[in-house]
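Here is the structure we will look at.
All values below come from the heavy atoms of this structure, side chains included, with hydrogens, waters and symmetry mates left out. Please read all numbers here as calculations on a predicted model, not as lab measurements.
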Amino acid sequence: QVQLVESGGGSVEAGGSLRLSCAASGKTYLRRCMGWFRQPPGKEREEVARIYNGGSDTYYAAFVAGRFTISQDSAKNDAYLQMNSLTPEDTAMYYCVATGPRTSCSEELPISEWRYWGQGTLVTVSS
């Protein structure tokens with residue numbers, strides 16, 4: 001089992017920044033994907049970004065538009081999401097996710113591939 005614990009959410013004004021952290025523990029894998037999903041109020045959850053194997057490959061949803069950066073500390077098995085230029089549309093519960101062993105994260109993965117989920121951290125952006 002893998003445990004994921006997010007932190008760093010909070011309230012911020014539009015144009016502000018937040019950095020989300022995800023601490024992974026338990027049975028982690030050298031080659032796997034980690035990522036971030038979000039679920040805005042009343043909407044479906046959506047993928048935000050994903051990263052593979054120590055940060056060599058990163059992928060972002062179109063709505064990120066260069067504002068967010070996903071990174072990873074391989075030594076700690078932790079992942080991060082730096083979010084800049086936040087807008088009210090970024091208001092959501094953000095979830096850290098991880099897969100089991102994989103050889104690539106280059107394609108968007110079925111939701112079922114994201115085997116492990118954190119409890120979520122709330123981000124609220126006011127106008």
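Linking ILVMFWY side-chain heavy atoms closer than 4.5 Å, directly or via other members, places L86 and F63 in a single hydrophobic cluster. Transitive grouping of hydrophobic side chains (ILVMFWY, heavy atoms separated by less than 4.5 Å) brings L18 and F68 into a common cluster. Taking hydrophobic clusters as Ile, Leu, Val, Met, Phe, Trp and Tyr residues chained together by side-chain heavy-atom distances below 4.5 Å, V97 shares a cluster with L109. Under the 4.5 Å side-chain heavy-atom criterion for grouping Ile, Leu, Val, Met, Phe, Trp and Tyr, I51 is connected to V64 within one hydrophobic cluster. Grouping the Ile, Leu, Val, Met, Phe, Trp and Tyr side chains by contacts below 4.5 angstrom, directly or via other members, places V2 apart from I111.
Rounded to the nearest 0.5 Å, atoms OG (S71) and CG (D78) are 10.0 Å apart. The OG1 atom of T69 lies 8.0 Å from the CG atom of L81; values are rounded to the nearest 0.5 Å. Atom CG of L20 and atom OG of S7 lie 8.0 Å apart (nearest 0.5 Å).
Heavy-atom minimum distance, C105 versus Y52: SG-CD1, 3.3 Å. Listed here is the closest heavy atom pair of S85 and S17: N-OG, 4.3 Å. The minimum heavy-atom distance between R32 and T99, with the atom names listed, is CB-OG1, 3.6 Å. Contact between I70 and M34 at its shortest, heavy atoms only, is CD1-O, 4.1 Å. The two atoms that bring Y60 and A49 nearest to each other are CD2-CB, 3.6 Å, heavy atoms only. Closest non-hydrogen pair, Y80 versus S21, comes out as CD2-OG, 3.4 Å.
Contact of the V12 side chain with the M83 side chain is not registered, since no non-hydrogen atoms from C-beta on lie closer than 4.5 Å.
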For residues 40-48, tabulate all N or O donor-acceptor pairs below 3.5 Å that involve a side-chain atom, not counting sequence neighbours.
residue, atom, partner, partner atom, Å
E46, OE2, R38, NE, 2.8
E46, OE2, R38, NH2, 3.3
E47, OE1, R50, NH1, 3.4
E47, OE2, R50, NH1, 3.0

For a quick test of your reading: what N or O donor-acceptor pairs under 3.5 Å do the side chains of residues 115-126 make, sequence neighbours left out?
residue, atom, partner, partner atom, Å
W117, NE1, W114, O, 2.9
Q119, NE2, E6, OE1, 3.3
T121, OG1, G9, N, 3.1

